Amino acid sequence: MSEILYRLERITKNYGERRTAAVALDESLVIARGEIFVLVGPSGAGKSTLLRLLGLIEPPSSGTLEFLGARLDAHTQPSLVLRRRVVLVFQRPILLSASVGANIAYGLQVRGVRKVEAKVDCVLEQVGLHALKHASAYTLSGGEAQRVALARALVVQPDVLLLDEPTANLDPYNVALIEQIIQAIHREKQTTIVLVTHNIFQARRLAERVGLLLSGKLIEVGTREQFFEQPRDPRTRAFVNGEMIY
Amino acid sequence: MRRLISLILVALVLALLAACGTAASPVPANTAATTAPPQTLTLATTTSTQDSGLLDVLIPMFEKQYNVKVKVVAVGTGQALKLGTDGNADVVLVHARKQEDDFVAAGDGINRRDVMYNDFIIVGPSGDPAKIAGMKLAADAFKQIAIQQSSFASRGDKSGTNTKELDIWSAASIAPKGAWYLSVGQGMGETLTFANEKGAYTLGDRATWLAQKNKLPSLTIVVGGNRIEENADKSLLNPYGVIPVNPAKHPNVNIKMAEQFAVWLTSLDTQNFIAHYSVDKFGQSLFHPDSAEWHKANPTQ
Amino acid sequence: MTDLVSGFLQAIELLRRGDTSLSQIVVLSLQVSGIALVIAALFGLPLGTWLALSRFRTRGLAIALIYTGMGLPPVVVGLFVYLFLSHAGPLGFLNWLFTPNAMVVAQIIIATPLIAGFAMAAVMGVDPELRQQLHSLGATRVQATLAVLREARVGVVVALVAGFGGIISEVGAVMLVGGNIEGATRVLTTAIVLETRQGQFDRALALGLILLVLSFFINLVVFVLQSRGAPAKV
């Protein structure tokens, strides 16, 4: 097995006002460098919460999260350097009221990078938005905005790209486009990708490994073939078959 | 929902209109019966008159006697006369002889009557840096202040007091100018407070001084004596005049009541009241009666 | 009616002639309120931003205090400043009473809650998730906060304009602590009060007109700068 990027040990996350934990993993979860790991499950299962933990945006309530060899827990803040090696693309991208180019350059600017033009042009090419470089971010369609969000994450060349339902509200054309972009990134840069989706077909198209999350618990993790063809858990089987499960 | 809001708005507007209507409808003139709704009389006067507290006792007496509601607008002398000029007041009670004469000469007022006088005094820091304490004449004291360039706070608002101050400067043949001459453009009370803080001299009326001197620890009277009777400089006397606004120019004024007020104010009874006003409070009277009627009854004073 | 007309005419005449005492009053008004605005912004903008972005137990109380501060009668502020700077007061040794310094202090106290309150509202109007997204893109707390302020720039400008409008047109406090001394602490508003009290309505109106024109030009400049700073729409 290749280098381990993430190791999650008995992670829980709950928010003060809610009694039940949003996420409570009984076992460990490992994500390796270079893989596409897709997290599936119904809405409210805790997928986004888990993704935010991976994105080092919030600390776990208990348990430890190892990222690139650094051990983080409820009381250990990640360093800025560590934090800057992972980027999360949110389900609903919020862009700055500036040009597309300026939005994409943001991650580079906060890192103190001077020469941004070439890099910005490069990712614009990747997401197919070169023509809109000088357009205002407010004039973009939903699909274009999501591609800009993808581009502003890619431009900083993170070790891990976390994607939270990146195609949830898009038309089939843009869904296909974004899936192609994700696959291209993975092919060319070997960037580790963790993708959250409720769409079982998208998971089948993109995943190398899949995990099913139900009510904050990880039900089953397996390779794509094993997960879809020979699910061990009856709940996985039901979810894969498109049946209602809670 | 929108209909409801517009209905409420319409109702509100109607209610307002109705309220305006009652307020604007003229009160029927009826002087005979005391049960009739009272007439109104607008009196424009100076802040110093009101600050002395005299009006607070005089006005209710007049109101009761003549079934009238007096609206007192206390402003600067200039603005008080302006209220008369514009027909926004029925009668004015001010103390700036020259401007009063101009007011009458311009046909804005009629039948000016002397009412009373109080007097001006020069107050200054207890240390008396210009060494003017005890001087008899204000002009001499002012000359000395200018020579010593001691701080002097001027009302600078063309009020009666300010007009008097400028008269004294010109009597002393001095055009006050420079960093020592502080023109503050404020009322008497504020100017006294200012002088107290700055350690400056100023010219003020005795009434305001007596009312406020407890709050002015660093000031003392340097010219004008401790009582109105001791004031050796006749030019420091401050005569008040009452002037009804000319009905020929402003037909809307209540000339009957304005004239009534002037007559009442100068009557012997009222004059005697004025002579004794505030003796219990300050141990001296603030105003000296000065009407023709009073002089007739007291020919020696 | 004649006062209105002659007021307008005199305003034009005063401006045309370039009266020195008038220009002195205008310059002092701008100086005092300008300096007060800059200092109040240094306090108010961070305060408003902090209140909008952070969560702590007494935040509700702090916001209520800010809103109260926005409605503070200037003359009450003036009174407090007066009592502090008076010779008998705790800061009397500064000898600031009846100087432009005292006026600046009073105006800072008036403008700071205005700026903080408007800035807070502006920052709260920015999607709260933006900060998280920028954070995830590698921004530090300070960097993300600055970006949020940039997003709220229209509201921030409104906050500054409101603060400036509140103090340039304020009369109670500057009258009390400045003393309206001719040639030293007389500003447009106190001059207007003085002219009004003297019954010189036309001069008062002329000064009011100048104040109005001044505010208008300042707002115009702000508007132009702001529309230049905004991203080009395609």
Side-chain angles (χ1 to χ4, degrees), chain B residues 44 46-48 73-86 88-89 92 94 96 99 102-103 108 125 151-160 162-163 176-200 202 215-218, chain C residues 1-4 6-7 20-21 24-25 28 75 78-79 81-89 91-99 102-103 171-205 207:
Chain B
T46 63
T47 39
S48 57
V73 184
V75 289
T77 300
Q79 197 179 342
L81 290 170
K82 178 85 177 154
L83 284 168
T85 307
D86 292 348
N88 289 324
V92 296
V94 293
Q99 292 176 58
D102 291 346
F103 182 75
D108 291 315
S151 292
F152 184 94
S154 166
R155 291 271 301 264
D157 60 353
K158 295 193 183 158
S159 59
N162 184 224
T163 308
K177 233 183 170 71
W180 59 275
Y181 186 76
L182 304 160
S183 176
V184 298
Q186 299 199 57
M188 196 66 247
E190 291 90 337
T191 306
L192 282 170
T193 314
F194 179 92
N196 181 58
E197 281 287 342
K198 275 269 177 182
T202 191
K215 286 174 279 174
L216 306 168
S218 56
Chain C
M1 195 57 209
T2 47
D3 277 335
L4 267 177
S6 63
T20 50
S21 76
Q24 198 179 23
I25 288 172
L28 185 68
V75 66
L79 191 59
V81 174
Y82 182 96
L83 292 174
F84 266 89
L85 294 182
S86 158
H87 276 304
L91 298 177
F93 63 91
L94 290 173
N95 261 324
W96 275 12
L97 196 61
F98 305 129
T99 66
M103 299 155 82
V171 59
V174 287
M175 179 72 92
L176 206 58
V177 305
N180 189 28
I181 304 171
E182 189 178 11
T185 58
R186 185 164 297 168
V187 288
L188 276 169
T189 51
T190 57
I192 290 170
V193 169
L194 177 58
E195 299 292 349
T196 306
R197 262 217 304 258
Q198 294 177 16
Q200 293 178 345
F201 291 170
D202 46 1
R203 261 189 81 89
L205 204 61
L207 290 167

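These numbers come from the heavy atoms of this one structure, side chains and all, not from hydrogens, waters or symmetry mates. Quantities reported herein were computed from a predicted structural model and do not represent experimental measurements. A note on names: the letters A, B, ... follow the listed sequences, proteins ahead of strands, and every chain is numbered from 1.
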Worksheet item: What part of C:T190 lies closer than 4.5 angstrom to a heavy atom of chain B: side chain, backbone, both or neither?
Response: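 Neither the backbone nor the side chain of C:T190 comes within 4.5 Å of chain B.
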Worksheet entry | Distance in Å, C:L194 CG paired with B:K158 NZ, rounded so as to fall on 0.5 Å steps |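 The distance works out to 8.5 Å.
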Worksheet item: If you draw the axis of the six-membered ring of C:F201, does the NZ or CZ of B:K82 fall within 45° of it and under 6.0 Å from the ring centre?
Response: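 Checked: cation-pi criterion met.
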Fill in: Largest heavy-atom contact set with chain C, pairs under 4.5 Å, which of B:A80, B:G187, B:S218, B:S183
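The option with the most such pairs is B:S183.
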Discussion item. Quick check on the interface: out of B:V184, B:V75, B:N196, B:L83, who has the most heavy-atom pairs with chain C under 4.5 Å?
Written reply: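 Sorted descending by pairs with chain C, the first entry is B:V184.
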Worksheet item: Quick one: does C:I181's side chain get under 4.5 Å of B:F194's, heavy atoms only?
Response: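 They are in side-chain contact.
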Discussion item. Heavy atom to heavy atom, less than 4.5 Å: which residues from residues 172-180 of chain C reach chain B?
Written reply: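 The list, in residue order, reads C:M175, C:G179, C:N180.
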Worksheet item: For B:E197, is it the side chain, the backbone, both, or neither that has a heavy atom closer than 4.5 Å to a heavy atom of chain C?
Response: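 Contact with chain C involves both backbone and side-chain atoms of B:E197.
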Worksheet entry | B:T193 portion near chain C, given a 4.5 angstrom heavy-atom threshold |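 Looking at B:T193, backbone and side chain both touch chain C.
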Discussion item. Applying salt bridge (charged side-chain N to carboxylate O under 4.0 Å, His left out), can you list everything that pairs with C:R186, at least two apart in sequence or on another chain?
Written reply: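 Applying salt bridge (charged side-chain N to carboxylate O under 4.0 Å, His left out) to C:R186 gives none.
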